[in-house]
There are 2 protein chains.
Amino acid sequence: MNFTISEENYIKSIYHLQQQSGIVNTNSLAAQMQTRAASVTDMLKKLKNKKLLQYERYKGFKLSETGKKVALQVVRKHRLWEFFLVEKLKFDWDKVHAIAEELEHISSDELVQRLDNFLGNPSFDPHGDPIPDKNGRIPTINQQNLTNIPLKKTVTVSSVGNQAPQMLEMLKHYNIALGTQVSVLNKFEFDGSLQIKILKQNPCIISEQVAKNIFVHYAE
Amino acid sequence: MNFTISEENYIKSIYHLQQQSGIVNTNSLAAQMQTRAASVTDMLKKLKNKKLLQYERYKGFKLSETGKKVALQVVRKHRLWEFFLVEKLKFDWDKVHAIAEELEHISSDELVQRLDNFLGNPSFDPHGDPIPDKNGRIPTINQQNLTNIPLKKTVTVSSVGNQAPQMLEMLKHYNIALGTQVSVLNKFEFDGSLQIKILKQNPCIISEQVAKNIFVHYAE
DNA sequence: ATTAAAATTTAGACAAATCTAAAAATATTT
DNA sequence: AAATATTTTTAGATTTGTCTAAATTTTAAT
């Protein structure tokens with residue numbers, strides 16, 4: 001089966017939304033896609049006809065098994081291309097998202113497989129997100145956000161929740177990247193902000209909102 | 001200015017046609033694009049409005065200076081991606097055209113420049129076609145097709161005129177690639193076919209049609 | 001120079017993806 | 001449970017790129 005760019009974008013967005021909340025509704029998808037609810041409804045019918053979606057009107061929806069497979073292939077392509085852009089073309093990691101949004105729709109399966117091999121079959125993209133393999137299997141990693149880490153324990157940054165350029169620019173400013181070693185020195189009750197220590201740097205303070213989007217795993 | 005994939009494809013095809021014949025007409029473009037003459041006329045109006053085309057009805061057409069610039073950027077992207085696919089991802093050179101047709105429409109200028117650098121700023125793609133630089137300048141090479149080479153002179157294959165997979169498959173069969181050393185032993189008047197000698201191989205015979213599509217340059 | 005043939009354009013239709021405005025269904029509040 | 005608000009869907013329009021069939025213009029042939 002072959003899909004249009006628009007269909008693939010809807011499928012991918014539905015996938016990401018249902019990862020968080022199980023079932024998806026029209027308005028949240030419209031918000032995510034930056035379009036109108038009416039347009040979403042139109043597309044839902046199309047995707048239902050193609051058996052990619054479980055959907056009954058007014059009842060919310062989620063991807064069928066087939067739909068999920070399609071989504072995972074698009075996610076796979078997106079993340080492989082991001083890896084390529086950062087590792088090979090030396091893009092800053094906060095500049096690659098928009099380009100990968102285009103590249104993820106290139107259709108050749110052989111291209112994807114060869115790219116994967118060329119890159120050394122990476123398991124995580126430059127933001128720390130797992131890259132599904134050829135069969136859609138996703139590597140797992142035991143991670144938590146910074147607000148849940150016991151004080152003084154040294155942990156390693158493994159991924160970033162919010163990948164808006166604003167967030168990524170901020171992390172760059174704080175000098176936080178994937179693999180950075182951090183420990184939490186203090187938690188301020190008043191606003192939930194954290195004082196953290198980054199290896200070889202002076203302690204600094206990050207807001208709760210930022211901390212919630214920094215995922216880490218324990219060194220051992 | 002930004003262009004749709006369809007617009008870019010028309011511009012590119014017009015560019016290639018006018019390279020051969022100066023001015024382009026509706027039917028030949030329709031044939032090249034595998035579409036109908038009426039569809040071509042529709043698009044011509046659009047391109048004329050955008051000042052990409054010099055066009056008056058019933059009179060044929062050619063690209064404006066702006067149009068030519070756009071065409072050269074698309075050609076540049078196509079050929080850089082082909083180079084990438086063959087050199088980095090190890091695709092056979094006769095398998096890359098269709099994929100490059102998709103990749104050439106990825107829009108980021110920075111991507112193109114970084115890709116160019118990553119590849120070592122190549123001057124020719126895997127079929128021997130010149131890759132326009134950032135400013136649209138095309139490297140030239142002094143080449144002729146095999147039918148015009150004096151007998152016994154050893155020459156080097158530098159590009160291939162017809163890049164249909166059928167042609168490329170045939171060349172692979174004959175063991176001819178870019179850089180291959182060839183000499184013409186004999187020319188048969190009857191059908192114009194040539195007996196040629198390839199380094200370390202037995203002499204063989206190629207049709208005039210094939211010979212006309214093999215471009216070579218003199219070793220010195 | 002007419003006529004016939006070929007090339008090109010117009011007119012009108014269609015599919016995909018979107019939109020606005022209005023209607024219908026569901027959820028929430030009083 | 002009735003009234004109100006929110007969410008979702010429908011109806012109908014729009015844009016882009018395409019098509020067929022008919023009309024027009026140009027070219028070639030008698």
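Keep in mind the model is a prediction, meaning the values are calculated, not measured. Proteins get letters first, then strands, A, B, ... in listed order; numbering begins at 1 in each.
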Expected list for residues 24-48 of chain A near DNA chain C, using heavy atoms below 4.0 Å, is A:Thr35, A:Arg36, A:Ala38, A:Ser39, A:Asp42, A:Lys46

Between B:Lys90 and B:Glu87 (side chain of the first, backbone of the second, donor and acceptor by atom type, cut-off under 3.5 Å), is there such a pair? yes

If you draw the axis of the six-membered ring of A:Phe118, does the NZ or CZ of A:Lys88 fall within 45° of it and under 6.0 Å from the ring centre?
yes

Notebook entry, point to check: Does the pair B:His217 and B:Gln143 meet the rule for a side chain to side chain donor-acceptor pair (under 3.5 Å), with working shown?
Noted result: CA-CA 5 Å; B:His217 67 271; B:Gln143 59 180 10; 5.8 Å; no

Can any side-chain N or O of A:Asp125 pair as donor or acceptor with the backbone N or O of A:Gly128 at less than 3.5 Å?
yes

Would the number of heavy atoms belonging to other residues, nucleotides or ligands and lying under 6.0 Å from NZ of A:Lys62 be above 12? no

Taken to the nearest whole Å, NZ/A:Lys59 to C1'/D:dT6 is 17 Å

Atom CG of B:Leu53 and atom C1' of C:dT9 are separated, to the nearest Å, by 15 Å

Could you verify whether a donor N or O on one side chain and an acceptor N or O on the other, from B:Gln20 and B:His16, lie under 3.5 Å apart?
-> no

Item checked: Main-chain N/O of A:Ser193 paired to A:Ser207 side chain as donor or acceptor, under 3.5 Å -> no

Would you say A:Thr4 reaches C:dA16's phosphate, i.e. side-chain N/O to OP1/OP2 under 4.0 Å?
no

Here the distance between atom C1' of C:dA27 and atom CZ of A:Arg57, to the nearest Å, is 17 Å

Side-chain atoms of A:Tyr58 come closest, of C:dT26, C:dT9, C:dA17, to C:dT26

Margin query: A:Glu102 vs B:Ser107, test: side chain to side chain donor-acceptor pair (under 3.5 Å). Steps then yes/no.
Written below: CA-CA 8 Å; A:Glu102 291 186 60; B:Ser107 57; 2.7 Å; yes

Does B:His173 form a side chain to side chain donor-acceptor pair (under 3.5 Å) with B:Glu169? I'd like the steps, not just the answer.
CA-CA 6 Å; B:His173 187 76; B:Glu169 204 177 356; over 6 Å; no

Test side-chain contact (heavy atoms from CB on, under 4.5 Å), reference B:Leu80, set B:Asp116, B:Val75, B:Leu111, B:Leu85, output is B:Asp116

note: B:Tyr55, atom OH; C:dA7, atom P; distance rounded to Å ~ 16 Å

Ordered by number, residues from residues 5-16 of chain A within less than 4.0 Å of DNA chain C (heavy atoms) are A:Ser6, A:Tyr10

- Message: Run the side chain to side chain donor-acceptor pair (under 3.5 Å) test on B:His127 and B:Glu82 for me, step by step, so that the C-alpha distance in whole Å, both residues' side-chain angles and the decisive distance to 0.1 Å come before the verdict.
- Response: CA-CA 9 Å; B:His127 308 105; B:Glu82 284 203 343; 2.8 Å; yes

Rounded to whole Å, the CG-P distance (B:Asn2 to D:dT16) equals 14 Å

With five pairs defining each end axis, the helix from C:dA1-D:dT30 to C:dT30-D:dA1 comes out bent, to 10°, by 10°

